[in-house]
Amino acid sequence: MIGSSSNISKIQAGGGRITLSSHGRKVWISELSATYPLKLLSPQLSDNGVAIVYALTYGGGLVGGDCIELSVNVESDAKLLLLSQGSTKVFKNRLYQRLASVQNSAHASLNSESPATLQKMDFTISSNGGLFLLPDPVTCFRSASYNQIQTFHASKDASLVVLDWVTSGRKSLGENWVLSRYYSVNEVIIAGKRVAKDVMLLENNESDSRLNRALAERLAPFSCYATLILRGPMVEETIAQIAARYGCISVMQRKAPEDLLWSLSPIGSDNENGVVIRVAGKETEIVKNWLKDTLSSLEQHIGVDVYRRAFV
């Protein structure tokens, strides 16, 4: 069920809203709206109380000056799997914009000379609700500048699975961390209290004499970095399994870096508020396979067929 235009307020260019409601095991999308260049698609509602929504953009990516602002509300007992359709491509930063103006006044004031791409997402997850944010990675092309801000407001008994990852660029064209700037923030607020704020900043700043190595050298030999945030009752088993695996890791000196490295950190003094997992891999496919295997226990909450859509 899609909300009618009479009870949906107007949204600005590049904006979008998703509202997911439920009754028993049935869920329905009471609002699914977006404006250019953002596009939201919901192919089907599953039988186990899970809705699937794909977020994508016209033209297959984001250009300099694009501003995406998405608001998501997952109401009590509902579960949302939010995916992208392929990697989020961020094109080279340019002085001009799309033919259709998509930049709001607030974003324009950030940098009027050479605007970066901005993607801002705000999520609200109510009691017993679940958000599974499992997009494909962000891929920044040469000289691209990208800012991403994601804020999660959750009830104490809500569940979160948040995946945020980035690749080194188009390897087929010889690109290896030649982006201009990548800035990503994930902030988790539980019952009105901020429990986590994770920030990643990658910059190729040739004018800074303190950085005597290029970004690609500093990040070598890895071409994909991922941050995974887990919290809530639906992922308690998953967290326990990952923690057990992490406890078995032995630290020893090696002659060469492994193909994949990962770490586990509790949010707060224990795992009550969840965990943050950081992954680095020499190839994106290696990271994807690790994530797919590590999160496989989510199948019991969203279904086997639904879960398969996340890592195709």
Side-chain angles (χ1 to χ4, degrees), residues 16 18 38 53 55 62 67-74 79-84 87-88 90 107 110 116-126 129-140 144-156 158-167 179 181-203 219 222 224-232 234-235 238-239 242 261-268 271-281 284 287-288 290-291 294-295 298 310-311:
I18 303 170
L38 177 63
V53 175
L62 298 168
C67 179
I68 302 297
E69 293 194 25
L70 178 62
S71 176
V72 179
N73 183 16
V74 180
K79 290 179 283 188
L80 173 65
L81 175 62
L82 185 56
L83 305 172
S84 60
S87 64
T88 300
V90 184
H107 183 221
L110 292 177
T117 300
L118 173 64
Q119 185 157 270
K120 186 175 184 293
M121 298 187 182
D122 291 291
F123 301 87
T124 300
I125 308 94
S126 299
L131 171 68
F132 304 85
L133 179 59
L134 297 172
D136 288 291
V138 173
T139 298
C140 292
S145 183
Y146 177 74
N147 296 314
Q148 175 179 277
I149 302 172
Q150 298 184 148
T151 307
F152 305 88
H153 298 265
S155 299
K156 282 189 175 181
S159 298
L160 279 176
V161 177
V162 177
L163 175 60
D164 180 17
W165 50 332
V166 60
T167 74
L179 53 86
R181 187 177 192 267
Y182 174 87
Y183 176 73
S184 177
V185 179
N186 289 290
E187 186 173 15
V188 180
I189 300 169
I190 306 299
K193 178 182 178 182
R194 185 173 73 183
V195 299
K197 184 175 183 179
D198 187 87
V199 180
M200 173 180 276
L201 174 62
L202 304 175
E203 278 187 307
L219 298 179
F222 303 112
C224 181
Y225 285 83
T227 299
L228 182 64
I229 300 174
L230 306 174
R231 70 89 50 199
M234 295 184 198
V235 292
T238 303
I239 292 174
I242 297 172
L261 298 176
W262 65 283
S263 67
L264 174 71
S265 303
I267 298 176
N271 293 343
E272 180 182 352
N273 288 319
V275 296
V276 177
I277 300 166
R278 294 178 175 84
V279 188
T284 302
V287 176
K288 183 175 77 171
W290 186 91
L291 291 167
T294 300
L295 297 175
L298 296 179
F311 298 102

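Computed from heavy atoms alone, side chains included, the values below leave out hydrogens, waters and symmetry copies.
Taking OH of Tyr183 as the reference point, atom CG of Asn147 lies at 7.5 Å (rounded to 0.5 Å). Rounded to the nearest 0.5 angstrom, Ile68 CD1 and Met121 CE are separated by 8.0 Å. Going from atom OG of Ser184 over to atom CG of Leu202 covers 9.5 Å, rounded to the nearest 0.5 Å. Of the inter-residue distances, the one linking Ile277 atom CD1 with Leu295 atom CG reads 7.0 Å to the nearest 0.5 angstrom. The CG atom of Leu62 sits 12.0 Å away from the OG atom of Ser145 when rounded to the nearest 0.5 Å. Here the straight-line distance linking atom CG of Leu160 with atom CG of Leu133 works out to 9.0 Å at 0.5 Å rounding.
The shortest heavy-atom contact between Ile125 and Ser159 is CG2-O, 4.3 Å. The minimum heavy-atom distance between Asn73 and Ser126, with the atom names listed, is OD1-OG, 4.4 Å. Across every non-hydrogen atom of Trp165 and Pro135, the tightest pair is NE1-O, 2.8 Å. Scanning all heavy atoms of the two residues, the minimum distance from Leu219 to Tyr225 falls at O-OH, 2.9 Å. Nearest heavy atom pair, residue Ile267 against residue Val195, reads CG2-O, 3.2 Å. Summarising the geometry of Ser265 relative to Arg278, their closest heavy-atom pair is OG-NH1, 4.1 Å, with the distance given to 0.1 Å.
Between the Ser84 side chain and the Asp136 main chain, a donor and an acceptor come within less than 3.5 Å of each other. Proximity of a side-chain donor or acceptor of Arg231 to a complementary backbone N or O of Val276 within less than 3.5 Å is not detected.
With respect to Leu264, the side chain to side chain contact (heavy atoms under 4.5 Å, CB included) criterion is satisfied by exactly one of Ile239, Leu230, Val275: Val275. Partner of Glu187 under the side chain to side chain donor-acceptor pair (under 3.5 Å) criterion, out of Arg194, His153, Lys197: Arg194 alone.
Side-chain contact between Leu179 and Val90 is absent, with no heavy atoms from C-beta onward closer than 4.5 Å. Between Thr167 and Ser87, every side-chain heavy-atom pair lies at or beyond the 4.5 Å cut-off. Counting heavy atoms from C-beta outward, Leu291 and Leu134 have side chains that stay 4.5 Å or more apart. Looking only at side-chain heavy atoms (C-beta outward), Val161 and Val235 come within less than 4.5 Å of each other. Proximity of Gln148 to Asp164: side-chain heavy atoms (C-beta onward) are separated by under 4.5 Å at one or more points.
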Could you walk me through whether Val279 and Thr294 satisfy the side-chain contact (heavy atoms from CB on, under 4.5 Å) test, starting with their C-alpha distance in whole Å, then the side-chain angles of each, then the deciding distance to 0.1 Å, before giving a yes or no?
CA-CA 12 Å; Val279 188; Thr294 300; over 6 Å; no
Apply side-chain contact (heavy atoms from CB on, under 4.5 Å) to Val72 and Val53, showing your working.
CA-CA 11 Å; Val72 179; Val53 175; over 6 Å; no
Step by step, would you call Lys156 with Ile190 a side-chain contact (heavy atoms from CB on, under 4.5 Å)?
CA-CA 6 Å; Lys156 282 189 175 181; Ile190 306 299; 4.2 Å; yes
Can Val138 and Gln119 be said to form a side-chain contact (heavy atoms from CB on, under 4.5 Å), step by step?
CA-CA 11 Å; Val138 173; Gln119 185 157 270; 5.9 Å; no
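Aromatic ring orientation, Phe152 versus Phe123: parallel (interplanar angle below 30°, classes split at 30° and 60°).
Every side chain to side chain donor-acceptor pair (under 3.5 Å) that Gln150 has, sequence neighbours left out, goes to Asn186. Not a single ring pair (Phe, Tyr, Trp, His ring centres under 6.0 Å) links Phe132 to another residue, sequence neighbours left out.
Salt bridge annotation for Arg181-Glu203: present, with a cationic side-chain nitrogen under 4.0 angstrom from a carboxylate oxygen.
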